[in-house]
Amino acid sequence: MDFADRLCSWFSENMRDMPWRHTRDPYSIWVSEIMLQQTQVDTVIPYYERFMKRFPSVEALARASLEEVLALWQGLGYYKRAENLHRGARYIMEQHGGHFPVDPAALRKIPGIGAYTAGAVLSIAFGIPAPAVDGNVMRVLSRLFLMEQDVGQAKSRPAFEEKVMSLLKGDPGVFNQAMMELGALVCTPRKPDCPVCPVNGFCQAYKRNTVEQYPVKAGRPKPVTERYRVLVICRSGSYWMEKRPGEGLLAGLWGFPLIGEEQWRLVEPMLEKKRILKRVCHVFTHRRWELEPVLIEVSESCGTLPIDFSVPADLGGFQTPEQMQRLPVPTVFRKVIRQLDDAGA
DNA sequence: AACTCGGGGTT
DNA sequence: AACCCAGAGTT
């Protein structure tokens, strides 16, 4: 039995059940792969179920509004993925008559499909031998072959893709998924379970007892802390929310106005009804927000606040709790809303 | 090549 | 607290 035989036979007996493993429909595989980018399987599953129920086909997704797609995506993170998925559906309708191209170069032109996702769709949906190299696969390969390339660097990718192709045999979709499953269940980042690994006989790092020295990866800088006051402006039971700018962090999502300390010092003395809520902390990959929410009650337009209440309704407005529920509001602002609820507001 | 872009699970 | 996750796009 060679490497692929052992790997795939282990996979057939140990693979987890996932909704997208019951189909080879390219649209279904595409949606799952986009959601799974930098996101763990158990986190994705409920989002995937809801998404496929609402948008069962490329046509259905292409017809939808971006707002509705973002609303289903809220809480999943990396919201550009949702925008690209939506754009991609319209692109596939217009450029390919609603059918997925079976060609690698054509797939790569679809927004949001990069080297990994193209390989995943080609192999899983179409059975084409193509490398699908994600973080799991790089870790497995680096241990198998003592690969010293930094897995965080783009220039390392070709070496990993070559190794995959040298091992690939049988059904490419099964093989690629088996490699990822091995990385997720056995060849884990810390404390890998080498004694039960079906391919430990092929693993050079296991042979030398250096498994935990792989993969090689440069460290990340710590998130930078930013502090803001959050203006939670209440007018007769509704709350002021704004659509964030189209670029940058949490682009296009809805939230409360954030102001720095210096601006707060100008506004704070002029406010009558205010109430400081419990601090909210939220960590992004490279930033850490420490938020101090301030509940402010106003009757009419409050000129002392640095807010323009006369913007178009699609850019900002007073929202009832029910309306807030339907808007795409990222987790950090949901945390603020939670403090509001806890405070009995 | 480096930076940006979320949120949550694990250890 | 550190690390990682079925990565891609921009600069």
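Chain letters run A, B, ... following the sequence lines, proteins first, then strands; residues in each count from 1. Given the structure is predicted, the values throughout are model-derived calculations rather than measurements.
A donor-acceptor pair shorter than 3.5 Å cannot be found between the side chains of A:Q74 and A:Y79. Side-chain N/O atoms of A:T225 and A:E290 include no donor and acceptor closer than 3.5 Å. A donor and an acceptor atom, one from each side chain of A:N136 and A:R139, are located under 3.5 Å apart. A:Y116 and A:E33 are linked by a side-chain donor-acceptor pair at a separation below 3.5 angstrom, with hydrogens and angles left out of the test. Looking at A:S65 and A:E67, their side chains never bring a donor and an acceptor atom within 3.5 Å of each other.
In this structure, A:M270 stands alone, with no Ile, Leu, Val, Met, Phe, Trp or Tyr side-chain heavy atom under 4.5 Å from its own, directly or through other members. Residue A:V211 is found in a hydrophobic cluster whose other members, listed by chain and number, are A:Y206; membership requires side-chain heavy atoms under 4.5 Å apart, directly or through intermediates.
Look at CZ on A:F333: it is 13 Å from C1' on B:dG6, rounded to the nearest Å. B:dG7 atom C1' lies 16 Å from atom CG of A:L70, rounded to whole Å. Taking atom OH on A:Y47 and atom P on B:dG7, their separation rounds to 9 Å, with Å as the unit. Rounding to whole angstrom units, CZ of residue A:R334 and P of B:dG8 are separated by 12 Å. What separates NE2 of A:H286 from P of B:dA2 is a distance of 16 Å, to the nearest Å. To the nearest angstrom, P of B:dG6 lies 14 Å from NZ of A:K335.
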Distance-only donor-acceptor hits, side chain of residues 247-261 of chain A, under 3.5 Å, sequence neighbours excluded:
residue	atom	partner	partner atom	Å
A:E261	OE1	A:R229	NE	3.3
A:E261	OE2	A:R229	NH2	3.2

Which pairs of donor and acceptor atoms, one on a side chain in residues 198-205 of chain A, lie under 3.5 Å apart (sequence neighbours left out)?
residue	atom	partner	partner atom	Å
A:N200	ND2	A:C194	O	3.1
A:N200	ND2	A:C197	O	3.3

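Residues of residues 153-163 of chain A having a heavy atom closer than 4.0 Å to DNA chain B, listed by number: A:Q153, A:K155. Of the residues in residues 164-182 of chain A, not one places a heavy atom less than 4.0 Å from an atom of DNA chain B. Within residues 9-38 of chain A, the residues that place at least one heavy atom under 4.0 Å from DNA chain B are, in residue-number order, A:Q38. Within residues 76-93 of chain A, the residues approached by DNA chain B to less than 4.0 Å at the level of any non-hydrogen atom are A:L76, A:G77, A:Y78, A:Y79, in residue-number order. A heavy atom lying under 4.0 Å from DNA chain B marks none of the residues of residues 119-145 of chain A.
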Produce the list of close N/O pairs, under 3.5 Å, pairing protein atoms with atoms of nucleotides 9-11 of chain B; give distances to one decimal.
residue	atom	partner	partner atom	Å
B:dG9	O4'	A:Q40	NE2	2.8

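Other residues, nucleotides and ligands contribute only 12 or fewer heavy atoms inside 6.0 Å of the CZ atom of A:R208.
Ion pairing between A:D342 and A:K278 fails under the 4.0 Å rule for side-chain N and carboxylate O.
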Discussion item. Let's go through A:R157 and A:E161 carefully: what are the C-alpha distance in whole Å and the side-chain angles of both, what is the deciding distance for salt bridge (charged side-chain N to carboxylate O under 4.0 Å, His left out) to 0.1 Å, and is it a yes or a no?
Written reply: CA-CA 6 Å; A:R157 172 169 290 274; A:E161 292 183 338; 3.5 Å; yes
Item to complete: Take A:V336 and A:L277 through the side-chain contact (heavy atoms from CB on, under 4.5 Å) test and state the conclusion after the steps.
Response: CA-CA 9 Å; A:V336 173; A:L277 301 179; 5.6 Å; no
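Between A:H282 and A:F284, the ring center distance clears the sub-6.0 Å criterion.
The residue A:G183 sits apart from the nucleic acid: no heavy atom pair falls under 4.0 Å. A:V41 comes within 4.0 angstrom of a nucleotide base, judged by non-hydrogen atoms across all strands. Here A:G219 lies out of heavy-atom contact (under 4.0 Å) with every strand. Across all strands, A:T285 comes closer than 4.0 Å to base atoms (heavy-atom distances).
With sequence neighbours excluded, the residues forming a ring pair (Phe, Tyr, Trp, His ring centres under 6.0 Å) with A:Y228 are A:W289, listed by chain and number.
Between chain A and DNA chain C, the heavy-atom contact criterion of under 4.0 Å yields a 5' to 3' nucleotide range of C:dA2 to C:dG9.
Between A:F51 and A:W73, the two ring planes are perpendicular [angle over 60°; tilted spans 30° to 60°].
The phosphate of B:dG6 (OP1 or OP2) has no side-chain N or O of A:H282 nearer than 4.0 angstrom.
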